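What you see is a predicted model, and the numbers here were worked out from it, not measured in a lab.
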Amino acid sequence: MSIDPNRVDAWGIPVLKISAEWGENEKKLWQDGREQAAEMLEAAGAVGVKQTGTYSIPGFCIHETGTARMGTDRKKSVLNKWCQAHEVDNVFVTDGAAWVSSGCQNPTLTMMALTVRACDYIVREMGKA
C-alpha cells in the first residue's frame with residue numbers, strides 16, 4: 001500500500017494505491033489444499049476427481065488475511081495486540097488484515113469481536129486523558 005502520486009479524493013487528499021499478489025507460499029498452500037481435497041473426496045468414495053482451475057486474484061474471495069498483521073515485534077508486524085498501528089497511534093485495523101492466518105470461511109464474528117475489543121481499549125485509553 002502506498003500513496004498514489006497521481007490521484008486525489010474529492011477533498012484533494014491523495015488516495016491509497018493498493019498492490020497485491022500471491023507469494024510462493026500462498027501458491028504452494030493453494031496447491032496443497034487442492035491435493036488434500038481430492039484425497040479426501042476419493043477416500044469418501046468419489047471417483048473421477050479432477051483438479052482444475054487456478055488460484056484467484058487477491059481479494060476475489062474477500063477472506064484474505066494478514067496484510068497488516070498483529071504482533072509484538074514492530075519489525076514483523078504492523079499492529080499491536082489492540083489492532084492499533086505500531087507507527088500511527090490513531091489508526092486501528094480490525095478486519096482480517098490483522099490476522100496472521102485464518103480458516104477459509106465465516107470470519108465476520110471474529111472481525112466483530114476484534115472491533116469490539118479495540119473499541120473497548122480506545123474508550124479506556126480516552127478515559128485516562
Side-chain angles (χ1 to χ4, degrees):
M1 182 169 64
S2 61
I3 301 294
D4 190 323
N6 302 312
R7 294 183 57 209
V8 295
D9 65 14
W11 298 273
I13 299 170
V15 298
L16 291 178
K17 181 177 182 179
I18 311 258
S19 300
E21 63 183 76
W22 297 122
E24 287 306 309
N25 190 53
E26 288 85 9
K27 292 174 184 177
K28 288 177 183 176
L29 287 168
W30 178 81
Q31 181 59 34
D32 183 61
R34 289 168 34 117
E35 293 168 4
Q36 297 287 331
E39 286 178 21
M40 286 185 265
L41 287 168
E42 289 168 350
V47 293
V49 175
K50 296 183 190 306
Q51 296 179 40
T52 62
T54 185
Y55 46 88
S56 63
I57 60 170
F60 180 76
C61 295
I62 70 167
H63 290 167
E64 288 85 1
T65 60
T67 55
R69 295 176 180 198
M70 236 188 312
T72 56
D73 185 341
R74 291 171 175 259
K75 293 180 181 179
K76 295 181 181 178
S77 61
V78 176
L79 309 172
N80 66 18
K81 66 182 181 179
W82 305 108
C83 295
Q84 179 183 30
H86 288 301
E87 301 299 325
V88 185
D89 291 343
N90 64 341
V91 172
F92 288 79
V93 179
T94 61
D95 67 356
W99 310 344
V100 174
S101 66
S102 72
C104 64
Q105 77 273 328
N106 307 326
T108 305
L109 291 176
T110 304
M111 289 178 196
M112 292 169 65
L114 284 173
T115 301
V116 168
R117 185 173 175 268
C119 289
D120 184 58
Y121 171 77
I122 292 166
V123 168
R124 281 195 323 270
E125 290 301 300
M126 287 183 69
K128 293 178 182 177

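Legend: salt bridge (charged side-chain N to carboxylate O under 4.0 Å, His left out) pairs involving residues 32-55, not counting sequence neighbours: none detected.
No donor-acceptor distance shorter than 3.5 angstrom exists from the side chain of Gln36 to the backbone of Gly33, with no hydrogens or angles considered.
Thr115 pairs by the side-chain hydrogen bond (donor to acceptor under 3.5 Å, both in side chains) definition with Thr94, not counting sequence neighbours. Evaluation of the salt bridge (charged side-chain N to carboxylate O under 4.0 Å, His left out) rule for Arg7 yields no partner, not counting sequence neighbours. Taking the side-chain contact (heavy atoms from CB on, under 4.5 Å) definition, one finds that Ala46 meets it with Leu41, Val49, sequence neighbours left out. Taking Leu109 as the reference, Met112 meet the side-chain contact (heavy atoms from CB on, under 4.5 Å) condition, with sequence neighbours excluded. Qualifying salt bridge (charged side-chain N to carboxylate O under 4.0 Å, His left out) partners for Glu125, counting only residues two or more places apart in sequence or in other chains: Lys128. Judged as a side-chain hydrogen bond (donor to acceptor under 3.5 Å, both in side chains), and not counting sequence neighbours, Asp4 has no contacts. Not counting sequence neighbours, the partners of Leu29 by the side-chain contact (heavy atoms from CB on, under 4.5 Å) test are Asn25. Partners of Asp95 according to the side-chain contact (heavy atoms from CB on, under 4.5 Å) rule, which considers only residues two or more places apart in sequence or in another chain, are Val93, Ala97, Met111. For the salt bridge (charged side-chain N to carboxylate O under 4.0 Å, His left out) test, residues two or more places apart in sequence or in another chain that qualify with Lys27 are Glu24. Residues meeting the side-chain hydrogen bond (donor to acceptor under 3.5 Å, both in side chains) test with Arg117, sequence neighbours left out: none.
Put simply, the side chain of Val8 does not reach to within 4.5 Å of the side chain of Val15, judged on heavy atoms. Proximity of Tyr121 to Met126: side-chain heavy atoms (C-beta onward) are nowhere separated by under 4.5 Å.
Linking Ile, Leu, Val, Met, Phe, Trp and Tyr residues whenever their side-chain heavy atoms come within less than 4.5 Å places Trp99 and Val78 in a single cluster. In this structure, Ile3 is a member of the same hydrophobic cluster as Ile18, with clusters built from ILVMFWY side-chain heavy atoms closer than 4.5 Å.
Shortest non-hydrogen contact noted between Trp82 and Ala118 is O-CB, 3.5 Å.
Here the CD atom belonging to Glu26 is positioned 11.0 Å from the NZ atom belonging to Lys28, to the nearest 0.5 angstrom. To the nearest 0.5 Å, atom OG of residue Ser56 and atom CH2 of residue Trp22 are 5.5 Å apart.
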Solution key, residues 83-90 side-chain donor-acceptor pairs under 3.5 Å, sequence neighbours excluded:
residue	atom	partner	partner atom	Å
Gln84	OE1	Asn80	ND2	3.0
Gln84	NE2	Asp89	O	2.7
His86	NE2	Gly71	O	3.1
His86	NE2	Ser77	OG	3.0
His86	NE2	Leu79	O	3.2
Glu87	OE2	Arg74	NH1	3.3

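Counting heavy-atom neighbours within 6.0 Å of Gln51 CD, excluding the residue itself, gives a total above 12.
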